[in-house]
Amino acid sequence: MSNIKNRFKENQNLGTIVALLILICFVSVLNPAFLQVSNLLNLMRQLIINGFVALGMTFVILTGGIDLSVGSTLALSSAIFAGLLQNGTNTILAILVAILLAIILGLINGLLITKGKLAPFIVTLATMTIFRGLTLVFMDGRPIAGPRDDFAFQFLGKGQVLGIPFQVILFIIVYIILWMILNKTSYGRKIFAVGGNEKASFISGINIAKSKTFVYVISALMAVISGLVLTSRLNSAQPTAGSAYEMDAIAAVVLGGTSMTGGSGSLTGTLIGILILGVLNNGLNLLGVSSFYQQIVKGIVILIAVLIDRKRNK
């Protein structure tokens, strides 16, 4: 049975890889500038920011949940991070505070869902609004500039190691850690089990509340890491940072083959989904397509992905 499932996942990933290659060829033919090194580097930086959020969202959706608060979590953590730096706090300490904040915000979502017995959509919709409101209050609606002479801060979003952007290296490290958690630990197996059949998981002795809370903490952590990198890249924290990131993350996860009902999916598929969305956005920009039309195209892509998911799970 496991061999059949593994083959299905491989074929599913193969299909999305083919779709990605076709999209790359299509965009390259329409605009050869797509393959220029400068554009590919820009594309990579864009992918990394959304990529962290999408990796965290994968864990949530695998349990049959959803996290609409990731964009607001990103914004709030970025604001706190930049505010601490502006007041002279050491960069490493500011990063640790942001990570601690992520754990707290993730726990709030997880506990409201598991202990409060509330629907993930309702909880994260509410916390999305609350966290964004707290961000605007803290920042007074104005950006907070980061220190230009702080090496650690600048290196986070702009540094390079042997010519490779540090944020790319960080993304690869985080991806490997999350992949190991999901595929090589008991926590990972529990996440799949809870998403596949919650009642059966409960009967088999799995702590449902603990498993679900864990994924919301992971999601918040990924949003915060994305926020730290983005703040360094822009050299400031913006009150509107992370807006609509939750939609891009959900789209990448679904495009990658993770079922919205939970229990089935992979981080590799999400990575391919991130690439598809990134190439699509970048290609539309190069082709001069209005951002208004881009929203329409993105919405259509999400609908198609969800329809495919429903047909696949029948």
Side-chain angles (χ1 to χ4, degrees), residues 41 44-57 59 67 69-110 131-132 134-140 142-181 213-242 245 249:
L41 286 173
M44 191 181 300
R45 294 188 183 98
Q46 292 172 348
L47 291 176
I48 295 302
I49 299 300
N50 292 325
F52 284 115
V53 182
L55 293 180
M57 188 69 74
F59 278 74
D67 189 354
S69 68
V70 285
S72 298
T73 298
L74 183 156
L76 181 56
S77 61
S78 298
I80 299 297
F81 176 59
L84 288 171
L85 292 176
Q86 196 175 69
N87 289 322
T89 305
N90 176 272
T91 300
I92 303 301
L93 179 58
I95 290 173
L96 292 176
V97 171
I99 291 173
L100 177 61
L101 176 64
I103 294 172
I104 293 171
L105 298 182
L107 283 173
I108 289 172
N109 280 335
F131 298 163
R132 181 67 65 179
L134 288 172
T135 303
L136 294 172
V137 169
F138 181 80
M139 302 179 76
D140 197 23
R142 295 191 292 260
I144 300 177
R148 294 183 180 276
D149 57 348
D150 189 309
F151 174 78
F153 172 72
Q154 296 294 331
F155 185 79
L156 187 61
K158 303 171 187 173
Q160 293 187 350
V161 178
L162 300 176
I164 303 172
F166 173 71
Q167 55 190 291
V168 174
I169 296 173
L170 179 62
F171 181 82
I172 293 171
I173 292 171
V174 169
Y175 174 83
I176 292 172
I177 292 172
L178 293 182
W179 188 91
M180 292 294 291
I181 291 173
T213 302
F214 174 74
V215 300
Y216 286 95
V217 172
I218 289 288
S219 180
L221 280 170
M222 292 303 102
V224 167
I225 291 175
S226 179
L228 297 179
V229 173
L230 181 62
T231 302
S232 175
R233 265 189 58 194
L234 300 178
N235 205 57
S236 66
Q238 301 291 328
T240 57
Y245 275 31

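Just the heavy atoms: all of them, side chains too, but no hydrogens, waters or symmetry mates, feed the values below.
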- Tightest non-hydrogen contact, residues Ala82 and Ala237, listed as CB-CB, 3.6 Å
- Item | Side-chain donor or acceptor of Asp140 paired with backbone N/O of Arg142 under 3.5 Å | no
- Task: Report yes if the side chains of Val224 and Phe81 come closer than 4.5 Å at any heavy-atom pair, otherwise no.
- Result: no
- Got a donor-acceptor contact below 3.5 angstrom from the Thr135 side chain to the Phe131 backbone? yes
- Determine the interplanar angle of the Phe155 and Phe166 rings, folded into 0 to 90°, and report it as parallel if under 30°, tilted if 30 to 60°, perpendicular if over 60°. tilted
- Message: Can you give me the closest heavy-atom contact between Ala94 and Thr89, atom names plus distance?
- Response: N-CG2, 4.1 Å
- Would you say the side-chain atoms of Ser78 pair up with the backbone N or O of Gly227, donor to acceptor, closer than 3.5 Å? yes
- Would you name the heavy atoms of Ala98 and Ser77 that are closest together and state the gap between them? CB-O, 4.5 Å
- Is a side-chain donor or acceptor of Arg45 paired with a backbone partner of Val168 at a separation under 3.5 angstrom? no
- Item | Value rounded to 0.5 Å, distance of CZ in Phe52 from OH in Tyr245 | 12.5 Å
- Note on the structure: For Ala102 and Ala220, the nearest pair of non-hydrogen atoms, with its separation, is O-CB, 3.2 Å
- Looking only at heavy atoms, the pair that brings Val174 and Met222 closest together is CG1-SD, 3.5 Å
- Roughly how far, to the nearest 0.5 Å, is the CG atom of Asp150 from the OG atom of Ser232? 9.0 Å
- Query: Which atom names give the shortest non-hydrogen contact between Gln238 and Pro143, and what distance separates them?
  - Reply: OE1-CG, 3.4 Å
- dist Asn90:CG -> Phe153:CZ (nearest 0.5 Å) comes out at 13.0 Å
- Here the gap from Leu76 atom CG to Met139 atom CE, rounded to the nearest 0.5 Å, amounts to 10.0 Å
- Message: Using modelled atom types and a 3.5 Å cut-off, is there a donor and acceptor pairing between side-chain atoms of Gln154 and backbone atoms of Pro147?
- Response: yes
- Message: Tell me if a side-chain donor or acceptor on Thr213 pairs with a main-chain N or O of Leu107 at a distance below 3.5 Å.
- Response: no
- Message: For the CG atom of Leu170 and the CG atom of Leu156, what is their distance to the nearest 0.5 Å?
- Response: 7.0 Å
- Check the pair Phe171 / Val229 against side chain to side chain contact (heavy atoms under 4.5 Å, CB included), numbers first and verdict last. CA-CA 10 Å; Phe171 181 82; Val229 173; over 6 Å; no
- Item | Euclidean distance, Leu74 CG relative to Ile225 CD1, rounded to 0.5 Å | 11.0 Å
